[in-house]
Peer 1: 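Sharing a structure, written as structure tokens. Questions coming.
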Amino acid sequence: MDLKLKGKSIIVTGGASNVGRAIVLGFAAEGCNVAIADIDTKQGERVRKECDELKAGGRAIVVPCDVTDWESVQSMAKKVNDEFGKIDVLVNNAGGTVNKFFVETPRSDWERDINLNLWGTINCTRAVLDYMMPAKSGNVINISSDGGRTGDPTQVVYGATKAGVISMVKSLSKELTQRYGIRFNAISPGFTPPVDYEKSVGEKSWFVPGGELEQAIGALTPERLEKSVKFGGYVTGRLGRPEDIANAVLFFASDAVCSHIAGQTLSVSGGYSMIG
Ligand SMILES: NC(=O)c1ccc[n+]([C@@H]2O[C@H](COP(=O)([O-])OP(=O)(O)OC[C@H]3O[C@@H](n4cnc5c(N)ncnc54)[C@H](O)[C@@H]3O)[C@@H](O)[C@H]2O)c1
């Protein structure tokens with residue numbers, strides 16, 4: 001299937017680590033120009049080099065960006081437009097949480113979740129529309145979470161933010177798709193731990209060994225991951241891999257194969273959530 005993505009200009013927020021990295025590499029392999037918009041520029045540079053090694057014809061750049069900061073986001077979008085001449089696709093991927101039970105969660109964690117997952121998506125979407133609307137084309141893909149679709153313990157406020165980014169793609173589609181040719185869709189991953197920590201996890205990743213997440217829930221040992229598969233309802237018999245999410249993102253981003261799909265959410269989670 002030819003996705004006809006070659007030469008497209010792509011922004012992936014949080015593109016330096018785990019899922020974001022796989023999305024960046026997926027677009028780079030299709031010959032796209034990809035901007036890795038991340039607070040972790042050191043890990044971003046590593047991913048940029050991996051893109052270069054693919055020699056697929058596109059260019060990758062690292063653009064320092066804090067998605068929670070409106071000015072930083074505006075300047076990121078301008079920089080990408082200046083470098084690549086247009087913005088075809090935004091993937092709102094930067095996000096995450098530290099799993100804690102609701103009544104044990106400090107308010108500062110809720111505020112961080114809302115800022116990162118919801119405000120980050122609002123900021124980046126608003127900024128790229130200044131370029132996509134005059135061009136009368138574009139694609140925005142929000143990375144949600146099955147925690148926002150089915151509800152999960154320890155993900156109360158995070159889940160609410162991820163339900164929020166699902167709601168955004170529906171309302172934005174109804175406001176803008178027909179008038180401006182911009183499509184909005186969401187991907188909802190299930191548990192997708194890093195496959196290769198050495199290569200794919202940055203210092204700012206939730207999955208960094210010894211980090212805040214590990215302190216909250218303990219280490220993700222192979223035995224523990226195996227248990228998650230066994231009791232977690234993953235009918236495919238495995239957990240998610242970052243490439244699984246990337247493949248679905250590339251599909252949604254392709255006007256060649258996906259032009260009649262708008263305002264949808266696709267769970268890529270091995271059947272963890274099955275929504276009719
Ligand atoms: N991995 C999973 O199990 C899983 C499951 C469901 C949903 N998701 C969603 O997938 C997305 C990616 O998750 P991941 O596992 O790759 O996370 P990750 O923590 O490994 O990577 C997140 C990236 O975002 C960057 N980042 C953090 N704050 C930022 C900010 N303010 N501005 C810009 N960049 C920032 C980090 O530097 C890092 O590179 C998130 O939206 C997450 O909620 C992940």
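In each ligand, atom 1 is the first atom listed, and ligand 1 is the first ligand listed. Note that the numbering runs from 1 along the sequence shown for the chain. Everything quoted here is computed from the prediction, not taken from an experiment.
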Peer 1: Report yes if S145 has an N/O atom closer than 3.5 Å to an N/O atom of ligand 1; otherwise report no.
Peer 2: no
Peer 1: What protein heavy atom lies closest to atom 26 (N) of ligand 1? Include the residue and the distance to one decimal.
Peer 2: I39 CG1, 3.8 Å
Peer 1: What's the shortest distance from atom 2 (C) of ligand 1 to any protein heavy atom, and which residue and atom give it?
Peer 2: T192 N, 3.5 Å
Peer 1: Considering both backbone and side-chain atoms of V67, is one of its nitrogen or oxygen atoms within less than 3.5 Å of a nitrogen or oxygen in ligand 1?
Peer 2: yes
Peer 1: Identify the closest protein heavy atom to atom 17 (O) of ligand 1: which residue and atom is it, and at what distance?
Peer 2: W206 CD1, 4.1 Å
Peer 1: So which bit of V201 gets within less than 4.0 Å of ligand 1, heavy atoms only: side chain, backbone, both or neither?
Peer 2: neither
Peer 1: Could you name the option among T68, I143, T161 that has the heavy atom nearest to atom 10 (O) of ligand 1?
Peer 2: I143
Peer 1: Could you identify the single nearest non-hydrogen protein atom to atom 4 (C) of ligand 1 and state the distance to 0.1 Å?
Peer 2: G190 O, 3.9 Å
Peer 1: In this structure, does ligand 1 have an atom that sits under 4.0 Å from one of the heavy atoms of T13?
Peer 2: no
Peer 1: N/O to N/O below 3.5 Å, does that happen between D66 and ligand 1?
Peer 2: yes
Peer 1: Name the option, out of G14, C65, G211, that contains the heavy atom nearest to atom 33 (C) of ligand 1.
Peer 2: C65
Peer 1: Can you report which non-hydrogen protein atom sits closest to atom 42 (C) of ligand 1, along with the distance?
Peer 2: Y158 OH, 3.6 Å
Peer 1: For atom 22 (C) of ligand 1, which candidate among G96, G95, S144 provides the closest heavy atom?
Peer 2: G95
Peer 1: Quick one about S188 and T265 (side-chain donor to acceptor, distance below 3.5 Å, no hydrogens or angles considered), yes or no?
Peer 2: no
Peer 1: Closer than 4.0 Å and a protein heavy atom, does any atom meet both conditions relative to atom 12 (C) of ligand 1?
Peer 2: yes
Peer 1: At a 4.0 Å threshold, what atoms of ligand 1 neighbour a non-hydrogen atom of F191?
Peer 2: 3 (O)
Peer 1: Is there a heavy atom in Q43 that sits closer than 4.0 Å to ligand 1?
Peer 2: no
Peer 1: Where is the nearest protein heavy atom to atom 16 (O) of ligand 1: which residue, which atom, and how far?
Peer 2: V19 N, 2.9 Å
Peer 1: List the closest protein heavy-atom neighbour of atom 18 (P) of ligand 1: residue, atom name, distance to the nearest 0.1 Å.
Peer 2: S205 OG, 3.5 Å
Peer 1: Around atom 21 (O) of ligand 1, find the nearest protein heavy atom and jot down its residue, atom name and distance.
Peer 2: S17 CB, 3.4 Å
Peer 1: Is there a path from I36 to I23 through hydrophobic residues (I, L, V, M, F, W, Y) whose side chains come within less than 4.5 Å of each other?
Peer 2: yes
